[in-house]
Amino acid sequence: MERLGIRAGSLSEIIGKMEENGLVCRARSEEDRRKICISLTEKGCCALEKANQAIKKQEMVLFLSLSLEEQETMCHLLEKLLDGWEQQFDAELLRGHHARCRDREQNSGGEKTISGKGQNQ
């Protein structure tokens, strides 16, 4: 959730609305009852496919003004930017994680604390 920039309460609300609309279903994990598995329903799969088709159509329209060579160059550059951004984002995420761990240690008088799966981190 942290990577997505979404709080647990917000995510739960979004998933709840998707469940009400028949797009997903929730079930407890067989292996770990603390975990909740969320799956797309058939209606959800159809909605996802429809959204993907709309995105592909928009991409085609957007790239019409470029030659095939320009399109390939653009895709290569966008992939390069995305890779760099992901590396930077992962590095920032790790720095934030380590800072939170340090804060927990300081706040607990030097004792390391571990958050459980059912707790917010």
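Atoms considered below: every heavy atom in the structure, side chains included; atoms not considered: hydrogens, waters and symmetry mates.
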Gln71 versus Phe63, closest heavy-atom pair with distance: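 Where Gln71 meets Phe63 most closely, the heavy atoms are NE2-O, 3.1 Å.
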Distance-minimising heavy-atom pair for Ile6 and Leu11: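 Taking Ile6 first and Leu11 second, the nearest heavy atoms are CG2-N, 3.6 Å.
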Under the salt bridge (Lys or Arg N to Asp or Glu O under 4.0 Å) test, residues paired with [X] that sit two or more places apart:
X	answer
Lys43	none
Glu19	Arg26
Glu70	none

[atom1] of [X] to [atom2] of [Y]: how many Å apart, nearest 0.5 Å?
X	Y	atom1	atom2	result
Glu79	Glu86	CD	CD	10.5 Å
Glu69	Met74	CD	CE	14.0 Å
Cys75	Lys80	SG	NZ	15.0 Å

Contact list for residues 66-88, test ring pair (Phe, Tyr, Trp, His ring centres under 6.0 Å), sequence neighbours left out: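 Matches after skipping sequence neighbours: Trp85-Phe89.
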[X] (side chain) donor-acceptor with [Y] (main chain) under 3.5 angstrom:
X	Y	answer
Ser29	Cys37	no
Arg28	Ile36	no
Asn21	Leu23	no

Shared hydrophobic cluster for Leu62 and Leu78 (ILVMFWY, side-chain gaps under 4.5 Å):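 Cluster IDs for Leu62 and Leu78 match.
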With Cys45 via side chain to side chain contact (heavy atoms under 4.5 Å, CB included) - residues at least two apart: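 Side chain to side chain contact (heavy atoms under 4.5 Å, CB included) list for Cys45, sorted by chain: Leu40.
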Where at least one partner belongs to residues 51-63, residue pairs that pass side-chain hydrogen bond (donor to acceptor under 3.5 Å, both in side chains), sequence neighbours excluded: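 Only Glu49-Gln53 qualify under side-chain hydrogen bond (donor to acceptor under 3.5 Å, both in side chains).
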